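These numbers come from the heavy atoms of this one structure, side chains and all, not from hydrogens, waters or symmetry mates. Index from 1, following the sequence. Bear in mind that the values here come from a model prediction, so they are computed numbers and not experimental data.
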Amino acid sequence: MRQREQTDDVVVDDLAERFASGDESALRETYDRHAAAVLHLASRLLRNRADAEDITQAVFVAAWLSRATFDPARGGLLGWLLTITRRKVIDLVRVRQRTDRVEDAIAQQPEPPPVASAEQVIDQLVVADELARLPDDQRTMLELAFYEDLTHQQIADRTGVALGTVKSHIRRGMAAIKRRWEVDGAAPDSGSAHSAGL
């Protein structure tokens, strides 16, 4: 069934011509004849049978879809298929290398902080709102104490304010916040702002 004709010193295979022209029966014949060679090359390059089988399928799909670019007069069908195989293997290796680099980069990133609960967010908003109502000196001292976790002495050193004054500002600020929470029915020891119905 393999008819050959000589054209400008190139032997043209009848199967290759039918494949290039879009003869669907030629696709099955091409697969039957050349799939083993494509699989062998992919297996040798990838050293993984499952990947090689996937590549083999991809090669024949790509070859069929791009059959219009194949010229039987310029070379054999098997050589063209093996060229596609090499390209597909290279593409797979590059994709995996990129994936590995991305995964490595992600693995080196610090763990994201835990997501705050709704109650925690509400508490933080309530505290921020209460702090905003305080006089500047009291607010500054409380922010340094609670948000930056500084001791009274560290606050005094940073701000240049006397230690006794720092303690006084913090005490008055806390008392003001406590009074407002008690008015709203949510004293600090009652749990959270959420329990006040906020």
Min side-chain heavy-atom separation [X]-[Y] under 4.5 Å:
| X | Y | value |
| --- | --- | --- |
| M174 | F146 | yes |
| W64 | E24 | yes |
| R139 | H169 | no |
| Q138 | I170 | no |
| V38 | F60 | yes |

Can [X] and [Y] be counted as having a side-chain donor-acceptor contact under 3.5 angstrom?
| X | Y | answer |
| --- | --- | --- |
| S168 | R172 | yes |
| D23 | S21 | no |
| Q108 | D104 | no |

So, the side chain of [X] versus the backbone of [Y]: is there a donor-acceptor pair under 3.5 Å, distance only?
| X | Y | result |
| --- | --- | --- |
| Q57 | D54 | no |
| S66 | T69 | no |
| T159 | I155 | yes |

Open item on the list: Membership question, hydrophobic clusters at under 4.5 Å side-chain separation (ILVMFWY): are L39 and L45 in the same one?
Closed with: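 In one cluster: no.
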
TODO: Apply side-chain contact (heavy atoms from CB on, under 4.5 Å) to the pair T30 and L81, showing each step before the final yes or no.
DONE: CA-CA 10 Å; T30 300; L81 291 170; 3.8 Å; yes

If you compare all heavy atoms of [X] against all heavy atoms of [Y], which two are closest, and at what distance to 0.1 Å?
| X | Y | result |
| --- | --- | --- |
| A26 | F19 | CB-N, 3.6 Å |
| S25 | R18 | OG-NH1, 3.4 Å |
| A176 | L134 | CB-CD2, 3.7 Å |
| D149 | Q154 | O-OE1, 4.2 Å |
| P72 | A16 | CG-O, 3.8 Å |
| A162 | A156 | C-CB, 4.4 Å |

For the atom pair [atom1] ([X]) and [atom2] ([Y]), what is the distance rounded to the nearest 0.5 Å?
| X | Y | atom1 | atom2 | answer |
| --- | --- | --- | --- | --- |
| M141 | D136 | CE | CG | 10.5 Å |
| R67 | L65 | CZ | CG | 7.5 Å |
| K88 | T85 | NZ | OG1 | 10.0 Å |
| R28 | R33 | CZ | CZ | 13.5 Å |
| R86 | I55 | CZ | CD1 | 13.0 Å |
| L78 | L41 | CG | CG | 9.5 Å |

TODO: Sort out for me which residue in V95, V93, D100 forms a side chain to side chain contact (heavy atoms under 4.5 Å, CB included) with Q97.
DONE: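 Testing Q97 for a side chain to side chain contact (heavy atoms under 4.5 Å, CB included) against V95, V93, D100 leaves exactly one candidate, V93.
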
